[in-house]
Amino acid sequence: MEQRHLGRTGLRVSRIGLGTLTWGRDTDEHDAADLLKTFWEAGGTLVDTADVYGDGEAEYLLGRLIEGLVPRRDLVISTKAGSVPDPDVRVDGSRGHLLSALDDSLARLGTDYVDVWHVHSWDPHTPLEETLQALDMAVSSGRARYAGVSNFCGWQLAKAGTWQLAAPGTRTRLAATQLEYSLLQRGVEREVLPAALDLGIGLLPASPLGRGVLTGKYRTSTPADSRGASEHLAPFVAPYLDETASHIVAAVATAADGLAVTPLQVALAWVRDRPGVTAPIVGARNSQQLTAALSVEALSLPDEICRALDDVSAPVHRYPDHDWSTL
């Protein structure tokens with residue numbers, strides 16, 4: 001698998017990442033082992049997790065598999081901290097919480113360091129410089145090799161990235177940002193992607209298949225074994241089952257028919273090769289689904305197909321993104 005630099009850093013990662021959101025909850029140890037082995041054998045290196053996935057079980061499971069299945073040195077492990085289960089708080093970006101959470105993550109993963117450590121969400125109640133200082137301390141102590149943020153909007157990312165660049169040699173530059181991005185969710189193009197490109201921060205798209213909808217599996221019904229039929233994941237899929245999404249899914253299917261490939265391959269290739277994208281994070285349920293996603297490696301979409309998909313899925317971005325005189 002082709003490797004790409006993560007933002008403006010020397011770290012190279014596979015251009016498709018493996019997500020572990022469902023590990024330890026919907027994905028058991030046997031399926032997780034198959035997923036990791038399939039990914040590794042295909043040349044994949046970037047594995048993304050978080051301390052709250054499965055209430056810590058995802059990290060614990062990944063750590064056990066690293067120990068006996070895949071060499072630690074062959075993987076680029078990315079994890080996150082800052083989200084908390086308290087419904088009244090939800091985010092804790094304090095230095096104390098973040099550094100404690102990192103220590104807990106390392107213990108569950110059974111490793112001395114993570115390759116990329118993200119702040120999971122913006123905390124409006126903690127000074128940004130305190131949150132970012134936790135990233136600096138993690139990198140300077142060797143517990144994290146690179147740092148990033150997740151779910152920051154455009155101005156938040158720009159503020160954080162600029163703050164880190166203001167003291168080179170003292171603060172660690174942001175290497176990555178992770179947000180949802182697909183043909184069904186292009187909101188990051190408004191401000192996040194321009195900020196990331198300007199600051200040299202690599203984008204790791206989450207849900208690059210539109211929460212599974214872009215595969216076309218929901219065009220006529222909801223498969224019994226799909227996330228859309230799952231009691232706790234159905235609300236996650238539902239927003240992308242509207243009429244607007246159906247037009248985009250139909251266009252993806254048409255493109256796939258013309259290229260003699262699958263809708264999954266078309267949708268994943270589109271987001272993988274967008275400007276500023278380093279590696280989409282794919283969350284497969286089993287090795288068969290993952291193999292289907294990894295088959296996109298040999299596919300590059302023709303320019304005319306990209307333009308057609310761009311047009312049919314184009315979000316409405318007017319003022320102030322465009323000069324008022326052009327509106």
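Residue indices begin at 1 and follow the sequence shown.
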In sequence, state the C-alpha distance, the side-chain angles, and the governing distance for Asn151 and Ser121, and then conclude on side chain to side chain contact (heavy atoms under 4.5 Å, CB included).
CA-CA 5 Å; Asn151 298 309; Ser121 296; 3.9 Å; yes

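- Ser105 and Glu59 share a donor-acceptor pair across their side chains, judged by distance under 3.5 Å alone.
- Seen from the ring of Trp117, Arg143 does not count as a face-on cation partner, given the 6.0 Å and 45° thresholds.
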Stepwise, does the side chain to side chain contact (heavy atoms under 4.5 Å, CB included) test hold for Tyr218 with Val249?
CA-CA 9 Å; Tyr218 299 102; Val249 173; over 6 Å; no

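- Here the side chains of Leu309 and Leu301 are in contact, with some heavy-atom distance below 4.5 Å.
- Transitive grouping of hydrophobic side chains (ILVMFWY, heavy atoms separated by less than 4.5 Å) keeps Tyr60 and Trp23 in distinct clusters.
- For the pair Lys80 and Asp48, the salt-bridge criterion is met [side-chain N within less than 4.0 Å of a carboxylate O].
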Going through the checks in order, is the side chain to side chain donor-acceptor pair (under 3.5 Å) test met by Thr244 and Asp242?
CA-CA 6 Å; Thr244 299; Asp242 61 8; 4.6 Å; no

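- Of the possible polar contacts, none joining the Thr162 side chain to the Lys159 backbone as a donor-acceptor pair under 3.5 Å is found.
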Determine, stepwise, if the pair Val114 / Leu102 fulfils side chain to side chain contact (heavy atoms under 4.5 Å, CB included).
CA-CA 9 Å; Val114 292; Leu102 175 58; 4.1 Å; yes

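- With hydrogens and angles ignored, the 3.5 Å screen pairs a side-chain donor or acceptor of Ser150 with a backbone N or O of Gln178.
- Remark: side-chain polar atoms of Thr45 are paired, donor with acceptor, to backbone N or O of Ser14 under 3.5 angstrom.
- For the pair Tyr181/Leu193, a side-chain contact is recorded, criterion being any heavy-atom separation below 4.5 Å from C-beta on.
- No side-chain heavy atom of Arg272 sits under 4.5 Å from any side-chain heavy atom of Glu2.
- For the atom pair CG of Leu268 and CD of Glu297, the computed distance is 10.0 Å after rounding to the nearest 0.5 Å.
- When Asp136, Thr172, Thr170 are each tested for a side chain to side chain donor-acceptor pair (under 3.5 Å) with Gln164, only one passes: Asp136.
- Going from atom CG of Leu184 over to atom OG of Ser313 covers 8.0 Å, rounded to the nearest 0.5 Å.
- With rounding to the nearest 0.5 angstrom, the NE2 atom of His30 is 10.0 Å from the CG atom of Leu35.
- Within 6.0 Å of CZ on Arg90 lie no more than 12 heavy atoms contributed by other residues, nucleotides or ligands.
- Side-chain contact between Leu61 and Thr27 is absent, with no heavy atoms from C-beta onward closer than 4.5 Å.
- When all heavy atoms of Ile281 and Pro208 are compared, the closest pair comes out as O-CD, 3.1 Å.
- Counting only distance, with no hydrogens or angles, the side chain of Arg173 and the backbone of Pro168 share no donor-acceptor pair below 3.5 Å.
- The number of heavy atoms from other shown groups lying within 6.0 Å of CG (Asp86) is above 12.
- For the pair Ser100 (side chain) and His97 (backbone), a donor-acceptor distance under 3.5 Å is absent.
- With values rounded to the nearest 0.5 angstrom, Leu11 atom CG is found 9.0 Å from His5 atom NE2.
- The two residues Val282 and Ala293 come nearest to each other via the heavy atoms CG1-CB, 4.0 Å.
- The shortest side-chain heavy-atom distance between Leu204 and His118 falls under the 4.5 Å cut-off.
- Looking at every heavy atom in both residues, Ser295 comes nearest to Gln265 through OG-NE2, 2.8 Å.
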Verdict with reasoning, Leu46 to Ser78, per side chain to side chain contact (heavy atoms under 4.5 Å, CB included)
CA-CA 7 Å; Leu46 177 62; Ser78 163; 4.1 Å; yes

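- Contact annotation: the side chain of Leu75 approaches that of Leu36 to within less than 4.5 Å [non-hydrogen atoms, C-beta and beyond].
- Within the 4.5 Å cutoff, side-chain heavy atoms of Ile16 are placed close to those of Pro280.
- Residue Leu174 holds its CG atom at 10.5 Å from CG of Leu6, rounded to the nearest 0.5 Å.
- Between the side chain of Glu41 and the backbone N or O of Phe39 there is no donor-acceptor pair closer than 3.5 Å.
- A salt bridge between Asp273 and Arg4 is present, with a side-chain N of the basic residue lying under 4.0 Å from a carboxylate O of the acidic one.
- Note on Val312 and Leu259: separate hydrophobic clusters, where clusters join Ile, Leu, Val, Met, Phe, Trp and Tyr whose side-chain heavy atoms are under 4.5 Å apart, directly or indirectly.
- In the displayed structure, Asp55 atom CG is contacted under 6.0 Å by at most 12 heavy atoms of other residues, nucleotides or ligands.
- In this structure, Arg108 and Asp51 have side chains that are in contact, with non-hydrogen atoms separated by less than 4.5 Å.
- Using a distance-only test at 3.5 Å, with no hydrogens or angles considered, a donor-acceptor pair links the side chain of Gln289 to the main chain of Arg285.
- In this structure, Leu62 is not a member of the same hydrophobic cluster as Val13, with clusters built from ILVMFWY side-chain heavy atoms closer than 4.5 Å.
- Atoms CZ and CE, on Arg95 and Met137 in that order, are 6.5 Å from each other to the nearest 0.5 Å.
- Side chain of Gln156 to main chain of Cys153: a donor-acceptor pair is present (N/O by atom type, distance under 3.5 Å, no hydrogens or angles).
- Remark: the backbone N or O of Pro302 is not paired with any side-chain donor or acceptor of Arg307 at under 3.5 angstrom.
- Not a single donor-acceptor pair under 3.5 Å links the side chain of Ser207 to the backbone N or O of Glu180.
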